[in-house]
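Naming: A, B, ... by sequence-line order, numbering from 1 per chain. Fair warning: this is a prediction, and the values are worked out from it, not measured in the lab.
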There are 2 protein chains.
Amino acid sequence: MAIDTKTALLDSAERAARTLGFDGFSYADLAEDVGIRKASIHHHFPSKANLSVALMQRYLAKFEAVRAEFDANPRTGGAHLDAIIGNYRAGINGGKSLCLCVTFTTSRDSLPPEVADLIRRFRIMMMDWLEAAFRTGQGDGSITGVLDPAIEAAATLPLLEGAQLAARTQEDPVLFDKAMQLLKQRIKN
Amino acid sequence: MAIDTKTALLDSAERAARTLGFDGFSYADLAEDVGIRKASIHHHFPSKANLSVALMQRYLAKFEAVRAEFDANPRTGGAHLDAIIGNYRAGINGGKSLCLCVTFTTSRDSLPPEVADLIRRFRIMMMDWLEAAFRTGQGDGSITGVLDPAIEAAATLPLLEGAQLAARTQEDPVLFDKAMQLLKQRIKN
DNA sequence: GTCTATAAGTCGATAGAC
DNA sequence: GTCTATCGACTTATAGAC
């Protein structure tokens with residue numbers, strides 16, 4: 001899957017962080033998973049704090065790209081909202097995984113301030129995408145009952161993250177779907 | 001504040017877990033906070049796994065009592081929903097803290113299965129309270145736009161937990177309030 | 001019930017050879 | 001860029017005196 005060692009390490013660390021939390025895995029775990037010695041990891045990521053920043057940078061960049069690609073063609077607001085929900089649904093991985101923002105938030109104080117800032121930027125980006133989706137959906141009729149797109153977005157991002165948590169508590173993606181049911185009913189594509 | 005050492009340890013551990021995550025504090029931290037030696041903690045809680053179960057048991061019992069007390073007198077559905085939102089709002093502690101269920105969920109796999117079961121019971125209790133609130137509010141007109149109380153509850157619990165996360169990301173309780181704005185607008189007390 | 005002392009292991013991180 | 005070897009700090013946990 002991974003072309004180079006650095007990418008393999010990021011992949012392994014992201015998987016571990018989203019499943020066990022950032023304090024729940026060690027360089028020894030990564031070393032075993034990737035197949036190198038743990039001292040070698042320090043060549044790519046001098047410190048674990050450094051690794052946490054790299055993880056969050058890549059995560060933000062990935063979802064900025066996802067959004068940009070989806071924005072390339074014109075869509076209904078409902079289609080945008082559906083796509084965002086789909087991304088969060090895919091992120092739970094059968095109820096075993098959470099958004100990196102969620103796991104990092106629980107250990108916020110042990111992480112470098114740069115991570116908190118990247119999470120803030122991720123949330124602004126996602127909130128902006130959601131607000132645009134609701135505004136478009138309000139205009140084209142693809143989302144019902146929209147009064148204020150900004151207020152809708154401010155409620156929807158927490159709902160998406162909370163729905164991932166719900167699924168994770170019982171390792172059951174159905175709990176994610178139940179949490180999203182009310183919102184999904186409002187999409188008329 | 002705490003009468004006995006065991007309670008003081010539970011208080012300290014709960015504060016630490018909700019702020020730093022369960023993997024983010026050690027017996028040494030508790031010892032310093034409570035003012036005893038770390039070996040003495042093992043007399044009250046033989047292992048850290050044991051402590052995690054005790055924390056979750058007390059947390060569940062506390063909120064079952066909160067609900068029972070609030071249920072003692074008849075109220076509108078809107079008043080119930082308001083009370084639940086108020087409890088979660090109080091739990092964020094200025095944006096520094098999360099619900100124990102949320103922090104424990106991120107380190108789910110490192111905790112004893114009993115904890116996962118207690119979280120499940122906590123969620124069932126809270127979901128039941130929410131559903132009753134929406135059902136009552138549907139009947140007495142204190143909550144607008146309720147079609148299916150069960151579906152509303154399934155979306156609201158994740159929203160409450162997600163709103164806590166939002167506030168925690170930037171240590172700003174206003175983000176909790178913004179997340180709850182849409183729901184709060186529907187309460188007509 | 002709290003203490004001192006200590007075990008046995010893991011943690012992130014470094015030095016230096018290849 | 002990966003390795004072996006090792007460091008010092010920290011982790012949970014135990015034994016046994018008081």
Distance, rounded to the nearest Å, where B:Ile36 contributes CD1 and C:dT4 contributes P: 12 Å
B:Asp177/B:Lys184 ion pair, N-O < 4.0 Å: no
Atom CD of A:Gln185 with >12 non-hydrogen neighbours under 6.0 angstrom: yes
Spacing of B:Tyr27 atom OH relative to C:dA5 atom P, expressed in whole Å: 22 Å
5′-ward residue of the pair B:Ala39/A:His42 relative to DNA chain C: B:Ala39
Which residue lies more 5' along DNA chain C, comparing B:Gly35 with A:Phe45 via nearest heavy atoms: B:Gly35
B:Asp29 CG - D:dT11 P separation (whole Å): 6 Å
Nearest-Å distance for atom pair NZ/C1', residues A:Lys48 and C:dT10: 12 Å
Phosphate OP1/OP2 of D:dC3 contacted by A:Ser40 side-chain N/O (<4.0 Å): yes
A:Ile187 and A:Ser142: CA distance, side-chain angles, deciding distance, side chain to side chain contact (heavy atoms under 4.5 Å, CB included) verdict: CA-CA 6 Å; A:Ile187 303 174; A:Ser142 62; 5.8 Å; no
Between C:dC3 (C1') and B:Ile41 (CD1): distance, integer Å: 13 Å
Phosphate-side-chain proximity, B:His43 and D:dT14, N/O vs OP1/OP2 below 4.0 Å: no
Value in whole Å for how far the P atom of C:dC11 lies from CD of A:Glu32: 11 Å
Residue A:Lys48 excluded, over 12 heavy atoms near NZ under 6.0 Å: yes
D:dT2 phosphate, OP1 or OP2, under 4.0 Å from A:Thr5 side-chain N/O: yes
Stepwise side chain to side chain contact (heavy atoms under 4.5 Å, CB included) test for A:Ser97 and A:Ile92: CA-CA 5 Å; A:Ser97 177; A:Ile92 57 178; 5.6 Å; no
Nucleotide nearest A:His44 when distance is taken to its side chain, options C:dA13, D:dT2, D:dA13: D:dT2
Chi angles and distances behind the side chain to side chain contact (heavy atoms under 4.5 Å, CB included) call for A:Thr5, A:His43: CA-CA 11 Å; A:Thr5 306; A:His43 171 76; over 6 Å; no
Selection: residues 16-26 of chain A, any non-hydrogen atom under 4.0 Å of DNA chain D: none
Nucleotide D:dT6, atom P - distance to NZ of A:Lys38 in whole Å: 14 Å
Donor-acceptor pair between B:Asp4 and B:Thr7 side chains, under 3.5 angstrom: yes
